[in-house]
Amino acid sequence: ATVAAELGMRALGVLNTIDDWTTQHLPTLIANLRAAMRPGELVLAHDGGGDREATVDAVIAVVTERLSRGCEFTLPEDREDRERP
């Protein structure tokens with residue numbers, strides 16, 4: 001975290017993952033992403049470090065599905081923003 005902070009990055013505290021480092025089986029990744037997506041929370045998925053085509057396809061499929069249902073996606077807020085009155 002110290003190195004990231006020195007580079008101007010910030011920790012996001014992501015707890016939800018789709019375990020895409022263990023499999024690139026598209027139906028599994030889609031199911032994992034659907035289960036991990038909860039309002040107000042972040043989900044970790046990887047698009048690098050080898051062939052991640054199924055990860056990218058899963059994200060496209062599930063985000064498209066959620067958008068068609070009226071869901072909205074936002075960028076994470078700074079922790080300081082959440083703590084201000």
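Quick note: residue numbers are just sequence positions, from 1. These numbers come from the heavy atoms of this one structure, side chains and all, not from hydrogens, waters or symmetry mates.
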(request) Write down the atom of F73, the atom of M37, and the distance for their closest heavy-atom approach. (result) CE2-CE, 3.2 Å
(request) Give me the other members of the hydrophobic cluster that I60 sits in, counting Ile, Leu, Val, Met, Phe, Trp and Tyr linked by side-chain heavy atoms under 4.5 Å, directly or via other members. (result) V56
(request) Kindly write out the residues that satisfy salt bridge (Lys or Arg N to Asp or Glu O under 4.0 Å) with R66, not counting sequence neighbours, or none if the list is empty. (result) none
(message) Applying salt bridge (charged side-chain N to carboxylate O under 4.0 Å, His left out) as the test, list every pair that has at least one member in residues 39-51; sequence neighbours left out.
(response) R38-E41
(request) Please name all residues satisfying ring pair (Phe, Tyr, Trp, His ring centres under 6.0 Å) with H25, sequence neighbours left out, ordered by chain then number. (result) none
(request) Locate the shortest heavy-atom distance separating L29 from Q24; write the atom from each residue and the value. (result) CD1-NE2, 3.7 Å
(message) Just verifying a value: how many Å separate N16 CG and L44 CG, rounded to the nearest 0.5 Å?
(response) 9.5 Å
(message) Ignoring hydrogens, what is the shortest heavy-atom contact between H46 and T55? Give both atom names and the distance.
(response) O-CG2, 3.0 Å
(request) Say whether, by atom type as modelled, one donor and one acceptor occur between the side chain of T64 and the main chain of A61 under 3.5 angstrom. (result) no
(message) Holding to side chain to side chain contact (heavy atoms under 4.5 Å, CB included), I want the full list of residues that pass it with V59, two or more places apart in sequence or in another chain.
(response) L33, A45, V63
(request) Output all residues satisfying side chain to side chain contact (heavy atoms under 4.5 Å, CB included) with D57, sequence neighbours left out; order by chain, then residue number. (result) L26, E53
